[in-house]
Enquirer: 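My structure is below; once you've seen it, I'll send some questions.
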Amino acid sequence: PNPIIQATPDDQNQVAADSLEKGVQVILDTADFERVLRRGLTTTALCGVSIIRCRMTEDGLKLDHIHPHDFIIAPTYGLELKDAHLVGHRFYRPRWWVKDRVKSKVYDLINEDEADNLATTDPDIDPAGRDPGYDRTSTENTSHSDNDSIELWELLCRLVIDGQRQWYRVVFERTNGKVLSYEAYPYSRPWYFDLRFHDEEGKFWPANSVAQNIVGLCLLQSNMFNLLVAGSMATAANPTVITGGSLSFGTQKIKTLSLGQVIESPYDLKVQEIPLNFSAQYMPQAMEFIDDAIESQTGIYNQRLNADRKSGDVTATQIAAEEQAANQNEGAYPTFSADFLERIAAFIQELVQLHAGAFRSYYQDSLLPEFFASIRARVRWQVTGRKQGNSPHILTGKLQVALDVAANPLSGYSYQAVEDSFMKSLQLPMSTEGMKKTQ
């Protein structure tokens, strides 16, 4: 849906919240958030956790996917990144890239001679999700000193400098133990966001992953499907024993019989069919049981709600039952993904507050003045459609029941007031005041 994130005002200023919501949506779209999210979800399914970094650069907001093998956190107990003493990630850059930053004083704690002597590292030693055997060329034969990769770490550390404890951003070259640069980190929380499908008790790193949980079930399902196909094919054409001659077309002997084939032979043949007993009647039940087991292991549930029910046949009891079923069907994927996205939206709001000029310069006409005027509005970020009870057919059913009550002459409710309250509760991506009829 668009927008994928909505702002709920704490001060009833819905107009400011709408402007803020639209601007954050534009920023996310420009940063290609959906592609990064899909990549992160894949890594999370395989590894149990994935890391996304959100930062403002000279090229606008940038979202980086970081494999967990390239991420560090200390201590490892606890789940909140903002409570850690150190978080960061590993990355590789060619020597010329490092030397350029030394010359421009971005890395101001080493000189050019020291940059020339930094040790180089083969990234395939710690592949971090890459296949080391997939390389098309040999680095030993094609590398050059300025093109060799240097292993760097970008760390956010809680340090005490001049008697004050705060976050600092440190760039560190591990092999030689060289600190290339450090600076005060200006934000309230680390710019890393962890995407996971379940929480370990008191641990940041998960013990297993979705893939580990279901690999045995998927193998069993694959074997059953192969058995279903092979068994059905075998019973469609049973093995046959032929005595007293052979089947042939001219000089070519027939070794297999196909279905519906008619063959003549000059020999006095005796043909005996060997029946095979295979029944697939319980296979669908068994495969459905496996599907249910996979759903319970992954937290991904099929939504079996009837969205086509006509609004004229709805009752309050039906709506309550349908909403309860929808809530029970909420899986781990949408729940954890929603929390992840809400944290990123709140962080983007903080980035814009601190870098309003940079956002104005880069996005220019994409972000309206109303967005920057609303950037300090107090809002709660929520993913649209996060609750299945907010699905359109459930909301429409609720509205119909409420209007039926208000239409009763003896009711204490105003029909118009019910409509107004309902429109405000929808939290649409625009103000509802302009939708009202003119008198």
Side-chain angles (χ1 to χ4, degrees), residues 31-33 35-57 61-93 97-98 121-132 149-159 167-175 177-183 185 187-212 332-333 336-337 339-344 347-348 351:
D32 202 6
F33 172 76
R35 181 187 64 83
V36 178
L37 177 61
R38 290 180 182 274
R39 189 177 176 189
L41 289 171
T42 301
T43 301
T44 304
L46 295 173
C47 303
V49 65
S50 183
I51 308 296
I52 304 295
R53 181 172 64 157
C54 176
R55 59 198 174 101
M56 182 58 181
T57 71
L61 186 83
K62 185 171 178 57
L63 298 169
D64 305 297
H65 170 261
I66 298 169
H67 194 279
H69 190 74
D70 283 331
F71 189 74
I72 187 172
I73 177 173
T76 59
Y77 58 83
L79 295 173
E80 291 292 333
L81 286 170
K82 65 182 180 180
D83 296 331
H85 298 301
L86 180 147
V87 293
H89 74 285
R90 167 172 48 194
F91 62 103
Y92 295 89
R93 291 293 184 270
W97 186 91
V98 176
T121 306
D122 182 2
D124 284 338
I125 294 176
D126 291 297
R130 301 179 297 274
D131 182 1
S149 296
I150 295 174
E151 179 183 343
L152 303 173
W153 286 82
E154 184 168 318
L155 307 173
L156 302 181
C157 314
R158 291 185 189 271
L159 301 176
W167 284 103
Y168 285 88
R169 173 177 173 261
V170 178
V171 179
F172 177 74
E173 187 273 317
R174 192 184 73 167
T175 307
K178 292 284 187 180
V179 175
L180 307 187
S181 68
Y182 83 94
E183 61 183 354
Y185 178 78
Y187 311 122
S188 63
R189 55 146 296 149
W191 52 23
Y192 299 101
F193 298 85
D194 54 312
L195 177 58
R196 58 181 71 233
F197 297 138
H198 58 85
D199 288 330
E200 297 291 332
E201 187 64 31
K203 283 288 187 179
F204 178 81
W205 297 114
N208 56 8
S209 66
V210 175
Q212 287 173 305
Y333 277 74
F336 278 86
S337 299
D339 292 338
F340 165 80
L341 181 53
E342 289 161 6
R343 284 182 281 136
I344 284 186
F347 188 68
I348 291 175
L351 290 179

Enquirer: Which value, rounded to the nearest 0.5 Å, describes the distance between Thr43 atom OG1 and Leu195 atom CG?
Expert: 9.0 Å
Enquirer: Does the side chain of Cys157 reach to within under 4.5 Å of the side chain of Leu86, using non-hydrogen atoms?
Expert: yes
Enquirer: Taking the inter-plane angle between the rings of His67 and His69 on a 0 to 90° scale, is it parallel (under 30°), tilted (30 to 60°) or perpendicular (over 60°)?
Expert: perpendicular
Enquirer: Check Asp70 against Trp153 and note the closest heavy-atom contact, atom names and distance.
Expert: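 Smallest heavy-atom distance, with atoms named: O-CZ3, 3.8 Å.
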Enquirer: Has Arg196 got a side-chain atom pairing as donor or acceptor with Phe204's backbone, closer than 3.5 angstrom?
Expert: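 Pair found, side chain donor or acceptor close to backbone of Phe204.
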Enquirer: Flag the pair Arg39 and Asp32 as a salt bridge only when some basic side-chain nitrogen lies within less than 4.0 angstrom of an acidic carboxylate oxygen.
Expert: no
Enquirer: Give me the atom names and distance for the closest heavy-atom approach of Phe347 to Arg189.
Expert: CE1-O, 3.8 Å
Enquirer: Going from OH on Tyr92 to CZ on Arg90, what distance comes out if it is rounded to the nearest 0.5 angstrom?
Expert: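 So the OH of Tyr92 and the CZ of Arg90 are separated by 4.0 Å.
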Enquirer: Could you go step by step and tell me if Ile344 and Phe33 meet the side-chain contact (heavy atoms from CB on, under 4.5 Å) rule?
Expert: CA-CA 11 Å; Ile344 284 186; Phe33 172 76; 4.2 Å; yes
Enquirer: Yes or no on side-chain contact (heavy atoms from CB on, under 4.5 Å) for Ser50 and Leu41, after CA distance, side-chain angles and deciding distance?
Expert: CA-CA 7 Å; Ser50 183; Leu41 289 171; over 6 Å; no
Enquirer: Please check if the number of heavy atoms outside Glu201 that lie under 6.0 Å from its CD is greater than 12.
Expert: no
Enquirer: Enter the distance from Ser337:OG to Phe197:CZ here, rounded to the nearest 0.5 Å.
Expert: 5.5 Å
Enquirer: Checking the side chain of Arg55 only, and the main-chain atoms of Asp64 only, is there a donor and an acceptor separated by less than 3.5 Å?
Expert: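 The answer is no, because no donor-acceptor pair under 3.5 Å joins these two groups.
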Enquirer: If you measure from NZ on Lys62 to OG1 on Thr57, what distance do you get to the nearest 0.5 Å?
Expert: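 Output value for this atom pair is 7.0 Å.
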Enquirer: Calculate, to the nearest 0.5 Å, the distance between atoms CZ and NE2 belonging to Arg158 and His85 respectively.
Expert: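 Output value for this atom pair is 7.0 Å.
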Enquirer: Specify the closest pair of heavy atoms between Pro206 and Cys47, including all atoms of both residues, with the distance to one decimal.
Expert: CG-O, 4.0 Å
Enquirer: Just checking Tyr182: does its OH atom have more than 12 heavy atoms from other residues, nucleotides or ligands closer to it than 6.0 angstrom?
Expert: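 Not more than 12 within 6.0 Å, no.
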Enquirer: Is any side-chain heavy atom of Asp194 less than 4.5 Å from a side-chain heavy atom of Ile73?
Expert: no
Enquirer: State, to 0.1 Å, how close Gln212 and Ala207 come at their nearest heavy-atom pair, and which atoms those are.
Expert: OE1-O, 4.0 Å
Enquirer: Can you classify the ring geometry of Phe71 versus Trp205 as parallel (below 30°), tilted (30 to 60°) or perpendicular (above 60°)?
Expert: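 Ring orientation of Phe71 relative to Trp205: perpendicular.
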Enquirer: Given the rule in the side-chain contact (heavy atoms from CB on, under 4.5 Å) test, do Ile72 and Leu155 qualify, once you have shown the distances and angles that lead to the verdict?
Expert: CA-CA 9 Å; Ile72 187 172; Leu155 307 173; 4.0 Å; yes
Enquirer: So does Leu46 get a backbone contact from the side chain of Ser209, meaning a donor-acceptor N/O pair under 3.5 Å?
Expert: yes
Enquirer: When rounded to the nearest 0.5 angstrom, what is the spacing between NZ in Lys82 and CG in Leu156?
Expert: 15.0 Å
Enquirer: Let me see the working for Ile52 and His65 under side-chain contact (heavy atoms from CB on, under 4.5 Å), right down to the final yes or no.
Expert: CA-CA 5 Å; Ile52 304 295; His65 170 261; 4.0 Å; yes
Enquirer: Sub-3.5 Å donor-acceptor pair from the side chain of Arg93 to the main-chain atoms of Ile150, do we have one?
Expert: no
Enquirer: Can we call the ring centroids of Tyr185 and Trp191 under 6.0 Å apart?
Expert: yes
Enquirer: Please find the pair of heavy atoms, one from Cys54 and one from Leu351, that lie closest to each other, and give the distance.
Expert: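 The pair with the smallest heavy-atom distance is SG-CD1, 4.2 Å.
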Enquirer: I need the minimum non-hydrogen distance between Tyr192 and Arg53, along with the two atoms involved.
Expert: CE2-CD, 3.8 Å
Enquirer: Between Glu173 and Thr175, is there a donor-acceptor pair closer than 3.5 Å when you use the side chain of the first and the backbone of the second?
Expert: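 Answer holds: yes.
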